[in-house]
Amino acid sequence: MRAAGDSTRGVADLVLRGGVVRTMTEQDPATAIALRGGRIAAIGTDREVLALAGPATGTIELAGRAVLPGINDAHLHATWLGALWPRTLFGSGSGDPRNPLRTNEQRRAAILRAGDLLASLGITSYTEPGLGPGEDAGPTGAFGSPVVAQYRELAAEGLLKARVTVLSLYGELDGRSSLPDVLAGLESDRASADPRWLRFAGIKIFADGIPPMRSACTKCGYADGSSAGLLVDGIDDADREHNLTRMIVAAHRAGLQVGVHATGDRSIEVVLNAVELAGVGHGADLGHYIIHGDMASSEQLRRMAELGVGLDVQPGIALCTGEQVDAVLGAGAAAESWRLGEALEFGVRMCVTSDAPVLSPDWRRQIAAADEWLGPAEDPRQRTAQLLRCCTVEPARQDGAASWKGVLAPGMAADLCVLAADPLAVAPAELPDVEVDLTVVDGRIVHDRTGIG
Ligand SMILES: [Zn+2]
């Protein structure tokens, strides 16, 4: 049995036994897990773990269910999702996609609604990638500073059902930003009463748009002869590149994480150059990452692996927009984009994310989409394991939290996703049919589909 150092002195709050515990570590799967005080107290056989049970300990019979680390969606617009759901941008559902949130009550309700939805999916952590003054006048009301205020209130009241990482936004969503605004924003207050629940990690920058809209900043132009530059303000291309570089370097030197929306191979190049420059003489690993990265080339993916730059991908977007990408960039362009297999092979820190409400927040569908995009696997089990890492281990690293969440081990956060069946026993395409039966955050049950808790 593996137990936390002080485990012999305490009785477990909750024991889950009789299942398959997928720790996402090198350790073999165990059958039982004990939780205490919001942390994992022990993992082992039923017999070993039940030794920590006392009269007040709750016991859950897993009956063959699988326990995973809580799922972490590294790129998910929860407030906007809460306003729109069940509508998604690429899915069905009617109504205005902006559905503006006008009041603080509406924003609070949207965050809470998303919290319930995400808990039902086993999601225990997520990143809100871009909240701040840049969107105070935005059309949705789901990204401005008042949303940050609501998160602070809900965290203080203990009402969040998932741990939240926030990237601050000092420009417009999918739009322009200016160097002075970003530099001023770096000085903002990022304190949090409890960073394990709400953490202000750094900044979000939009480098460019997206290929289907011909707004991705690419090395080659589009089939119709058009081309697109960076979204960052500047008098010409060189000035825009310089300003984006300065934003990234300045944030790094301020000790902040940078997540850059970059889809074109040219914008990706600028970001990688900037991260490399920022790291010279200031080697701290702040977990900078590229969001989407559609057109990242093989060479760029190798550089990302070397530099430790992460990649947040949405395989469902590749499936939905591949044809449009071929139409605007030329036949075969989609197949050259979203090189997820190479990213995995080269060891890029890749997170599989939903970008909800662009796609459904259901991570099981994202894993199935990744599998479909990658094509037939030699070893489906190994692929599922690899993709599950992209929803647990890698996002924890992106959060700068690998020391306390993302895997199941004694002392780690008691954040669990309990599935009706072992995900490694089904093909990735079948994963969406495996129910999420129980979700535990910080040792607290926040979703119990079948009443086992
Ligand atoms: Zn997004």
Side-chain angles (χ1 to χ4, degrees), residues 72-85 87-91 97-99 101 110-111 114 117-118 123 125-132 134-135 138-144 147-148 151 162 164-177 201-213 215-217 231 257-264 267-268 271 288-296 310-321 325 337-338 350-363 365-366 369-370 390-391 394-395 398-399:
N72 184 340
D73 193 324
H75 185 94
L76 177 146
H77 307 279
T79 313
W80 197 25
L81 172 67
L84 292 190
W85 186 255
R87 187 190 158 93
T88 58
L89 301 196
F90 279 134
R98 288 172 300 170
N99 195 20
L101 298 172
I111 296 168
L117 171 63
L118 300 176
I123 295 168
S125 292
Y126 63 82
T127 290
E128 271 270 13
L131 298 179
E135 272 291 307
T140 64
F143 301 95
V147 175
V148 175
Y151 268 113
V164 181
T165 301
V166 175
L167 290 185
S168 305
L169 186 63
Y170 300 107
E172 291 165 15
L173 190 80
D174 293 311
R176 57 164 292 274
S177 57
I203 66 167
K204 164 81 173 280
I205 304 170
F206 284 89
D208 62 359
I210 55 173
M213 303 296 285
S215 53
C217 181
L231 288 171
Q257 183 178 42
V258 187
V260 187
H261 168 122
T263 63
S267 56
I268 291 167
V271 175
H288 306 314
Y289 58 102
I290 287 175
I291 298 160
H292 310 307
D294 305 19
M295 292 175 67
L311 176 63
D312 282 7
V313 297
Q314 301 76 27
I317 293 182
L319 290 176
C320 288
T321 65
V325 167
S337 301
W338 298 293
M350 187 168 88
C351 297
V352 169
T353 87
S354 70
D355 203 1
V358 174
L359 300 166
S360 154
D362 188 342
W363 57 277
R365 287 167 63 180
Q366 289 310 309
C390 299
C391 301
E394 295 299 341
Q398 177 179 296
D399 285 344

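FYI, side chains are in, hydrogens and waters are out, and symmetry mates aren't considered; it's all heavy atoms of this structure. In listed order, ligands and their atoms are each counted from 1.
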Notebook entry, point to check: Would you call Tyr126 and Pro361 a side-chain contact if the rule is heavy atoms closer than 4.5 Å?
Noted result: no
Check: Any sub-3.5 Å donor-acceptor pair from Asp312's side-chain atoms to Thr353's backbone N or O?
Finding: no
Margin query: Under 2.8 Å from the Zn ion (ligand 1) - does any N, O or S atom of His261 fall there?
Written below: no
Check: What is the name of the N/O/S atom in His77 that sits closest to the Zn ion (ligand 1)?
Finding: NE2
Note to self: Please give the atom name: the N, O or S atom of Asp355 nearest to the Zn ion (ligand 1).
What the structure shows: OD1
Checklist line | Candidate pair Asp355 and His292, rule side-chain contact (heavy atoms from CB on, under 4.5 Å), full reasoning | finding: CA-CA 9 Å; Asp355 203 1; His292 310 307; 3.2 Å; yes
Check: Distance-only, no hydrogens or angles: does the Asp208 side chain make a donor-acceptor pair with backbone N or O of Gly264 under 3.5 Å?
Finding: yes
